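Notes for the one structure printed next.
This structure is a prediction, so every number in the text was calculated from the model and none was measured. Chain A is the first sequence line, chain B the second, and so forth, proteins listed ahead of strands; every chain is numbered from 1.
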There are 2 protein chains.
Amino acid sequence: MSSEATAAPPRPLRADAQRNYDRILEVACDAFREHGVQTSLDDIAKRAGVGAGTLYRHFPNRDCLLAAALGEGRQALDQVVVTCLSREDAGEALNEWLIAVAVYLGSYDGLADSVAQAIHDDSSPLGTPCTALKASTATLLKRAQEAGAVRADVNADDLFVLASSLAWAADSNGYDHSDLRRLLTLVTVGLR
Amino acid sequence: MSSEATAAPPRPLRADAQRNYDRILEVACDAFREHGVQTSLDDIAKRAGVGAGTLYRHFPNRDCLLAAALGEGRQALDQVVVTCLSREDAGEALNEWLIAVAVYLGSYDGLADSVAQAIHDDSSPLGTPCTALKASTATLLKRAQEAGAVRADVNADDLFVLASSLAWAADSNGYDHSDLRRLLTLVTVGLR
DNA sequence: TTGACAACCGGAGGCTCTCTCCGTATATTC
DNA sequence: GAATATACGGAGAGAGCCTCCGGTTGTCAA
């Protein structure tokens with residue numbers, strides 16, 4: 001498909017470079033989905049029919065490739081925010097959002113780990129999108145709190161960490177979506 | 001008709017072997033604490049002043065070494081179970097236990113991951129102790145439920161997964177004990 | 001004490017994976 | 001149809017895991 005336009009590239013990629021970029025990304029998505037974030041990068045290069053050097057020129061490290069591979073999922077999440085914001089039940093909207101975040105962070109095996117690492121590393125391209133996720137979480141939380149659906153002393157960072165944890169739990173324990181929802185219910189409704 | 005005595009060790013280690021075993025374990029504890037569960041095993045061998053072969057003979061893989069290094073912490077946990085069982089407030093006792101489990105699984109960076117992997121792998125020596133932890137969780141949960149402190153539809157496995165998740169979250173986000181407690185409160189009291 | 005043997009040691013080396021370097025090839029431009 | 005910036009590829013350095021086996025040493029009976 002079409003490539004991703006970063007802020008303002010001074011010059012378009014050469015045709016062969018663009019071809020390779022796209023091919024690598026396509027293969028990487030499959031590999032991550034199939035073998036998790038720890039899949040071999042050299043193997044991705046091989047499967048894409050390029051040398052290792054070419055892969056590393058386009059994506060200097062694993063996180064860069066991962067961030068690129070997550071691009072589409074991120075756009076889908078932006079859509080979810082809009083939908084959630086338009087829902088009447090603010091508490092339910094927040095739940096829906098947290099599930100979406102957990103599902104997103106569970107896209108690939110081990111992704112929650114990578115993201116958690118990256119979030120404390122300004123140089124990682126995985127950190128930036130997460131800041132946006134946190135911001136959206138804050139917005140939806142505030143709305144839920146104003147509607148009286150959520151206690152006032154809950155903070156957005158904890159909530160994001162909780163969503164990440166659920167993603168991790170699902171990954172590590174082979175939980176599916178319904179398990180995820182059950183766990184989230186445990187969290188949101190509480191043990192009383 | 002069993003041919004092997006699993007309980008009694010058939011023969012004590014030779015003196016030099018015992019010395020090496022102890023030394024490796026000591027160095028390993030430090031290394032795990034300092035660099036997490038992914039620390040280099042060859043490096044541990046080097047620091048312990050033995051060859052790689054010696055390390056792998058005593059501890060065939062990382063999980064074996066990890067399980068041995070966790071031995072003491074596990075005994076401390078057994079103590080916690082006893083204490084919790086003797087507490088009057090069954091709900092509070094369960095909370096205390098979950099915190100203890102989370103702290104235990106946060107002993108080393110990445111431990112929660114290793115344990116979660118091992119739990120679905122019968123051949124891993126890390127799995128066995130976890131079965132015990134789950135059993136204790138079930139006992140304390142049942143007690144809390146009978147005291148009416150916890151809903152009846154909560155199950156012990158989910159609770160254990162939740163405790164693991166908290167350990168993971170603490171690891172990955174640099175949370176300390178008070179953060180951990182706050183997160184657990186979020187979970188147990190709920191958002192509403 | 002000594003000899004014989006089982007138990008144990010060490011580290012070379014095979015394998016995999018990451019990432020870099022640089023001689024070579026090719027798309028683009030004029 | 002050059003000239004040139006851009007991009008390619010794969011050899012290879014470095015690090016880690018784990019095995020294999022020739023050599024060493026603790027142990028015990030005599």
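- Salt-bridge formation is detected for the pair A:Arg33/A:Asp30: a Lys NZ or Arg NE/NH1/NH2 atom is positioned less than 4.0 Å from an Asp or Glu carboxylate oxygen.
- Between B:Phe32 and B:Tyr108, the two ring planes are tilted [angle within 30° to 60°].
- Rounded to whole Å, the distance from CG on B:Asn20 to C1' on D:dG26 is 13 Å.
- Looking at B:Arg19 and B:Asp16, no side-chain N of the basic residue comes within less than 4.0 Å of a carboxylate O on the acidic one, giving no salt bridge.
- Per the geometry, CZ belonging to A:Arg23 stands 20 Å off P belonging to D:dA7, to the nearest Å.
- Atom pair B:Asp43:CG and D:dG14:P shows a separation of 17 Å (rounding to whole Å applied).
- As rounded to whole Å, 15 Å separates atom C1' of C:dC8 from atom CZ of B:Phe59.
- Protein atom CG of B:Leu66 is 13 Å distant from nucleotide atom P of D:dC17, rounded to whole Å.
- One interatomic measurement links the two molecules: OH of B:Tyr21 to P of C:dC9, which rounds to 13 Å at whole-angstrom precision.
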Below 3.5 Å between N/O atoms, which protein atoms pair up with nucleotides 19-21 of chain C? Just atom names and distances, please.
from, atom 1, to, atom 2, distance (Å)
C:dC19, N4, A:Asp42, OD2, 3.4

Cut-off 3.5 Å, no hydrogens considered: what does the side-chain donor-acceptor table look like for residues 134-148 of chain A, sequence neighbours left out?
from, atom 1, to, atom 2, distance (Å)
A:Ser136, OG, A:Ala132, O, 3.2
A:Thr137, OG1, A:Trp97, NE1, 3.0
A:Thr137, OG1, A:Leu133, O, 2.8
A:Thr139, OG1, A:Ala135, O, 3.0
A:Arg143, NH1, A:Cys84, O, 3.4
A:Arg143, NH2, A:Leu85, O, 3.3
A:Arg143, NH2, A:Arg87, O, 2.3
A:Gln145, NE2, A:Arg151, O, 2.8
A:Gln145, NE2, A:Ala152, O, 3.3
A:Gln145, NE2, A:Val154, O, 3.1

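- One finds no side-chain N or O of A:Ser40 lying less than 4.0 angstrom from the OP1 or OP2 phosphate oxygen of C:dT16.
- Distance CG (A:Asp22) to P (D:dA7): 14 Å, rounded to an integer number of Å.
- Within 6.0 Å of CD in B:Glu72 there are 12 or fewer heavy atoms belonging to other residues, nucleotides or ligands.
- Looking only at distances, no side-chain donor or acceptor of A:Asn173 sits under 3.5 Å from a matching main-chain atom of A:Tyr175.
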For side-chain hydrogen bond (donor to acceptor under 3.5 Å, both in side chains), just list the numbers for B:Asp176 and B:Ser178, CA-CA rounded to whole Å, side-chain angles, deciding distance to a tenth of an Å, and then say yes or no.
-> CA-CA 6 Å; B:Asp176 63 17; B:Ser178 78; 3.0 Å; yes
Dump every N/O contact between nucleotides 26-30 of chain C and the protein below 3.5 Å, one line per pair.
from, atom 1, to, atom 2, distance (Å)
C:dT26, O2, A:Arg14, NH1, 3.2
C:dA27, O4', A:Arg14, NE, 3.3
C:dT28, OP1, A:Ala15, N, 3.4

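- Salt-bridge formation is detected for the pair B:Asp43/B:Arg47: a Lys NZ or Arg NE/NH1/NH2 atom is positioned less than 4.0 Å from an Asp or Glu carboxylate oxygen.
- B:Gln18 has its CD atom 16 Å from the P atom of C:dA7, to the nearest Å.
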Please walk me through it: do A:Asp63 and A:Ser124 pass side-chain hydrogen bond (donor to acceptor under 3.5 Å, both in side chains)?
-> CA-CA 7 Å; A:Asp63 276 6; A:Ser124 170; 3.0 Å; yes
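- In this model, the phosphate group of C:dC9 is approached by a side-chain N or O of B:His58 to a distance below 4.0 Å at OP1 or OP2.
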